[in-house]
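Have a look at the structure below before the remarks.
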Amino acid sequence: MAVQKPSIPKGTRDFSPVEMAKRNYIFDTIRSVFKRYGYLPIETPAMENLSTLLGKYGEEGDKLLFKVLNSGDFLKDVNKDLLDSADSNKVTTLISEKGLRYDLTVPFARYVVQHRNEIVFPFKRYQIQPVWRADRPQKGRYREFYQCDADVIGSDSLFNEAELLLMIDDVYTQLGINVLIKLNNRKILAGIAEVIGESDRLVDITVAIDKLDKIGLENVNKELEERGLSLDAIARLQPILHLKGNNREKINSLKSILSSSTIGTKGLEEIETVLDLADQSELKTELELDLTLARGLNYYTGAIIEVKALDAQMGSICGGGRYDDLTGIFGLPGVSGVGVSFGAERIYDVLTELNLFPVDTLTGTEVLFVNFGQKEALYCLKLLTTIRKEGVSAELYPESAKMKKQMSYADDKKIPFVILVGDEEMNTGILTLKNMKSGEQFKLTIAECIEKIKGN
RNA sequence: GUGUCGUUAGCUUAGUGGUAAAGCAAAAGAUUGUGGAUCUUUUUAGACGGGUUCGAUUCUCGUACGACACCCCA
């Protein structure tokens, strides 16, 4: 029988040590920023009950959920007729009660409701975990990927929105990526729908105008028409799509356009406040009011945030917004939240494309002891303990292989120093330290070796 | 869920209806206390399943996987 060729499921990836070093660099950077703003970590299970997940992401989202088959004899309660009917949806609910999480926001909402009595509000939490989507993979899109979320729940204040913008600013400044933060507000979109007389078609409108960048005005109008908007409404939308100028100018124009809409006016006030707060905090990253920014989950109710890398061809590398009453469905109404989610894999791709990973991300072992034989290796054990106590990562080559092999090992692993301990060194206590980069060799005591390695 | 293109050694790629080629990598040696260079030798391959054919890695169909785009989204 042929040996089975190993593989991993579609859209998933292995991460080798070099990749892990780079990924951890991203996670560590994001985590340090989250911490600095007072966010606390939580984790939730990879699996949630399907009842928690279903219906939260729209019909499309439900299809993209990975469902986990019940354990044991999962067919025993399914009646034959139903099976014969081949109604996948109905059968699914009977044979699967758990699913892999699709994002971190819904599990967080569930967490908040379940732990409401132990939580101090406003609750600021961050969460860095993988999520799963049964989507077809493509560039920058995987079936298993990490999200790095920070949310504030239980506060309506727009200070939270401004704070999230500052965190985005900090993260990308630290990573060295130039970005543009795009802002919009669901209330403004609702106001627009209202004044063009198509209030109940908000979703159709936003899905279509979201594509303005990609497919152009003409096609957007065509799509709006296909989605059933009246020609009159489309005509009234045009001046809004053509809006030019800086953020303040756009807002002023919109103020008159949306003056008849209470919700639209409210949205404009909100975005103005956020811009004011950002100015006050000396936000460095450029903010752009982008009315075509609408993508994202239907549960956003206020601010919508999206971050684009300026020097790389990549979709959004961070997104977020405000969602009122996300916990309502779990029995805790009237709690508002706002959050952002950093897409680690896309940041990885951008850093790779722009060659922005720092060179020292891969430092592992700092010094290798060459193994000359049993006697010498035993002697090295004490030295290893000493050197590790000083916080220097060190290893002994486990076999007394040829020098060439041991040196190549150090070279391949980019270990900067090698210590050689043979008869002579054991007699005198003076070790031979070799700098692998320069090739220099020194005769030093263990204490001097440590100093030299640390000083490197 | 739809479409396009693809899948040959550990990796990158060539080529052919009849014996499958190279570079890199890996292992051993040239060199028994000194790595990166060079040379020698060795290891390992046409995703899977059908069809056409005397014969298929090559043509064809299906499946899986991958890349890209659409839908949607991080």
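A, B, ... follow the sequence lines: proteins, then strands. Residue 1 opens every chain. All values below were derived from every heavy atom in this structure, side-chain atoms included, with hydrogens, water molecules and symmetry-related copies excluded.
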Extract from the structure each pairing of a protein N or O with an N or O of nucleotides 1-5 of chain B at less than 3.5 Å, listing the distance.
| from | atom 1 | to | atom 2 | distance (Å) |
| --- | --- | --- | --- | --- |
| U2(B) | O4 | Arg136(A) | NE | 3.2 |
| U2(B) | O4 | Arg136(A) | NH1 | 3.2 |

At a cut-off of 3.5 Å, list every protein nitrogen or oxygen paired with a nitrogen or oxygen from nucleotides 27-29 of chain B, distance to 0.1 Å.
| from | atom 1 | to | atom 2 | distance (Å) |
| --- | --- | --- | --- | --- |
| G29(B) | OP1 | Lys402(A) | NZ | 2.2 |
| G29(B) | OP2 | Lys402(A) | NZ | 2.6 |
| G29(B) | O5' | Lys402(A) | NZ | 3.4 |

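One can place CZ of Arg143(A) at 11 Å from P of A64(B), the figure rounded to the nearest angstrom. Taking atom CG of Leu104(A) as the reference point, atom C1' of A74(B) lies 11 Å away to the nearest angstrom. Asp412(A) has its CG atom 11 Å from the P atom of A25(B), to the nearest Å. Atom CG in Leu64(A) sits about 11 Å away from atom P in A74(B), given to the nearest Å. Leu433(A) places its CG atom 15 Å from the C1' atom of G33(B), with the value rounded to the nearest Å. Rounded to whole Å, the distance from OH on Tyr172(A) to C1' on A74(B) is 10 Å. As a whole-Å value, the separation of Lys10(A) NZ from A67(B) P is 9 Å. Rounded to an integer number of Å, the gap from Asn435(A) CG to G35(B) C1' is 12 Å.
Asp28(A) meets the salt bridge (Lys or Arg N to Asp or Glu O under 4.0 Å) test with Arg31(A); sequence neighbours excluded. Listed by chain and residue number, Glu366(A) satisfy the side chain to side chain donor-acceptor pair (under 3.5 Å) test with Ser393(A) (two or more places apart in sequence, or in another chain). For Phe145(A), the ring-ring contact (aromatic ring centres under 6.0 Å, His included) test picks out no residue, with sequence neighbours left out. With sequence neighbours excluded, the residues forming a salt bridge (Lys or Arg N to Asp or Glu O under 4.0 Å) with Asp135(A) are Arg141(A), listed by chain and number. Ala109(A) is linked by a side chain to side chain contact (heavy atoms under 4.5 Å, CB included) to Leu326(A), Thr327(A), Phe330(A), counting only residues two or more places apart in sequence or in another chain. Under the rule for a ring-ring contact (aromatic ring centres under 6.0 Å, His included), the partners of Tyr348(A) that lie at least two apart in sequence or sit in another chain are Phe357(A). Scored by the side chain to side chain donor-acceptor pair (under 3.5 Å) test, Lys211(A) finds Glu223(A) as partners (sequence neighbours excluded).
Base orientation of G46(B): syn, the glycosidic angle falling within 90° of 0.
Residue Gln406(A) places no side-chain atom within donor-acceptor reach of the base of U34(B), judged by atom type and a 3.5 Å distance cut-off alone.
Residues Thr12(A) and Glu425(A) both approach RNA chain B. Their nearest nucleotides, taken by heavy-atom distance, put Glu425(A) toward the 5′ side. Looking at which nucleotide of RNA chain B each of Gly11(A) and Val207(A) is closest to, the 5′-most match is held by Gly11(A).
Taking 4.5 Å as the limit, some side-chain heavy atom of Lys98(A) sits within range of a side-chain heavy atom of Asn70(A). At a threshold of 4.5 Å between non-hydrogen side-chain atoms, the residues Leu189(A) and Ile209(A) count as touching.
Not one side-chain nitrogen or oxygen of Lys437(A) sits closer than 4.0 Å to the OP1 or OP2 atom of G36(B).
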Open item on the list: Between Phe342(A) and Ile347(A), is the side chain to side chain contact (heavy atoms under 4.5 Å, CB included) condition met? List the steps.
Closed with: CA-CA 8 Å; Phe342(A) 291 84; Ile347(A) 293 173; 4.3 Å; yes
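The aromatic ring of Tyr409(A) does not sit over the base of G35(B); the criterion of centres under 5.5 Å apart with planes under 30° is not met.
Residue-level contact check: Gly319(A) touches neither bases nor backbone, having no heavy atom under 4.0 Å from any strand.
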